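The next block holds one structure in the form of structure tokens; read it before the comments.
Everything quoted here is computed from the prediction, not taken from an experiment. Sequence lines set the chain letters: A, B, ... in the order given, protein chains first and strands last, and positions in each chain run from 1.
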Amino acid sequence: MTTKRRHVHALSDTQCKPVLKKNREPETSLLTEEHNANISKYFQSVRVRLRSDFYNQACIELAKSFLGQVLVRMLPDGTELCGRIVETEAYLGGDDEASHSRGGKRTKRNVAMYMTAGTVYVYQIYGIYFCMNVSSQGDGAAVLLRSLEPLEGLDVMRKFRNVRRRDLSKSLKHAELCNGPSKLCQALNLDKNYDRKDLSDGQDIWMEAGKKIQEEDIVSCARIGIANAGEWTKKPLRFYIKGNKYVSVRDKSAEASMISVLPRVF
DNA sequence: CATCTGATGTGCT
DNA sequence: GCACATCAGATGA
């Protein structure tokens, strides 16, 4: 097998720029057959990093636009962990009673929500877990990343995810690695150190352009785990790729109420 | 499959 | 003191 060189050419899309890789010799390359297959299946023809214009969308639009994009984490040794975003939630700030930034509340913890669109907001939950958000356009608005479809670096993800497990006799399945907001953070080894990082120029975390998910393939439903937010508890601010097996929780009634088109496999 | 419970630390009232 | 944008393991159907 030979390593394909990625050809970088001029892009009209101002939201993307080519991802430049250095020292990618065949012997030391991280590219695998699995990886190359994933490029054609999930990425655009070349890997391009999402830029600040992409993140500068209204919260709900960004939450939907993230579906299909690829989150990339590079470890200190150069290993890349990649996953396609398949589930998100919008936290609008302001009137949104479920948001940490409700009523314009600004604290030491949540300042990243008010920073430039594309800024990572990581917070600790239940003392032991972390959740990763990305700030959007709008004051205090951010998008929670809830689930990824693991694409690359699965063995390393499994190693990170096993840290908290007692019974290691059963290996975590592909679909169990990143199907939840804190599982995703464990798998990519993300913690408070990533709070306030800018995805558009991050050195060890960024996003790359994947394939656009059409509106008819997006399920909109209530967010998870926000019981005490009044009318905001039930608002359809969670989004996931319809029929995708890497989603954390499916909402059967929301799926049933969608206009049915031809069945599609992702 | 559904439902329950304990773990565990921090931010905020 | 209490709530918390969760998860793993256990139990029962």
Using a heavy-atom cut-off of under 4.0 Å over every strand shown, decide if Ile226(A) touches base, sugar-phosphate, or nothing.
sugar-phosphate
Specify the separation, in whole Å, of atom CG of Asn110(A) and atom C1' of dC4(C).
14 Å
Near DNA chain B, under 4.0 Å by heavy atom, which residues of residues 121-137 of chain A?
Gln124(A), Tyr126(A), Gly127(A), Ile128(A)
Would His100(A) and Tyr91(A) satisfy ring-ring contact (aromatic ring centres under 6.0 Å, His included), going step by step from the backbone distance to the final call?
CA-CA 8 Å; His100(A) 291 170; Tyr91(A) 286 86; 7.4 Å; no
At less than 4.0 Å, is any side-chain N or O atom of Arg164(A) found next to OP1 or OP2 of dG9(C)? Yes or no.
no
To the nearest angstrom, how far is Asp167(A) atom CG from dG9(C) atom P?
6 Å
Between the side chains of Glu255(A) and Lys242(A), is the shortest nitrogen-to-carboxylate-oxygen separation below 4.0 Å, so that they form an ion pair?
no
Between Arg146(A) and Glu89(A), is there a salt bridge with N-O shorter than 4.0 Å?
yes
Phosphate OP1/OP2 of dT10(B): any Lys108(A) side-chain N/O under 4.0 Å
no
Nearest-nucleotide pick for Lys105(A), side chain only, options being dT13(B), dG11(B), dT6(C):
dT13(B)
In plain terms, say whether Glu80(A) and Arg47(A) are close enough for a salt bridge, that is, a side-chain N and a carboxylate O under 4.0 Å apart.
yes
Can you check the Gln186(A) CD to dA7(B) P distance for me, whole Å?
18 Å
Could you write out DNA chain B as a dot-bracket string, with dots for unpaired bases, | for bases paired across to another strand, and Watson-Crick or G-U pairs counted at under 3.5 Å?
|||||||.||||.
For dA5(C), does OP1 or OP2 lie under 4.0 Å from any side-chain N or O of Ser99(A)?
no
salt_bridge(Glu176(A), Arg161(A)) N-O dist < 4.0 Å:
no
What is the distance from CD of Glu97(A) to C1' of dA3(C), rounded to the nearest Å?
15 Å
Take a 6.0 Å sphere around NZ of Lys234(A) and say whether it holds more than 12 heavy atoms from other residues, nucleotides or ligands.
no
State which of dT6(C), dC12(B), dG9(C) makes the closest approach to the side chain of Arg165(A).
dG9(C)
Under a 4.0 Å threshold between the charged nitrogen and the carboxylate oxygen, would Arg109(A) count as salt-bridged to Asp195(A)?
no
Given dA5(C), is OP1 or OP2 found less than 4.0 Å from the side-chain N or O atoms of Asn228(A)?
no
Taking the six-membered ring of Tyr114(A), is NZ or CZ of Arg106(A) closer than 6.0 Å to its centre and within 45° of its axis?
yes
Quick one: Arg250(A) CZ to dC1(B) C1', roughly how many Å, whole number?
14 Å
Trp232(A) CH2 to dA5(C) P: how many Å, rounded?
16 Å
Is a salt bridge present between Asp96(A) and Arg223(A), judged by a nitrogen-to-oxygen distance below 4.0 Å?
yes
Quick one: Asp191(A) CG to dG9(B) P, roughly how many Å, whole number?
15 Å
Does Arg164(A) make a cation-pi contact with Tyr129(A) (under 6.0 Å, within 45 degrees of the axis)?
yes
Under 4.0 Å, counting only non-hydrogen atoms across every strand here, what does Arg161(A) touch: a base, just sugar-phosphate, or nothing?
sugar-phosphate
I need the CZ-P distance between Phe239(A) and dA5(C), as an integer number of Å.
18 Å
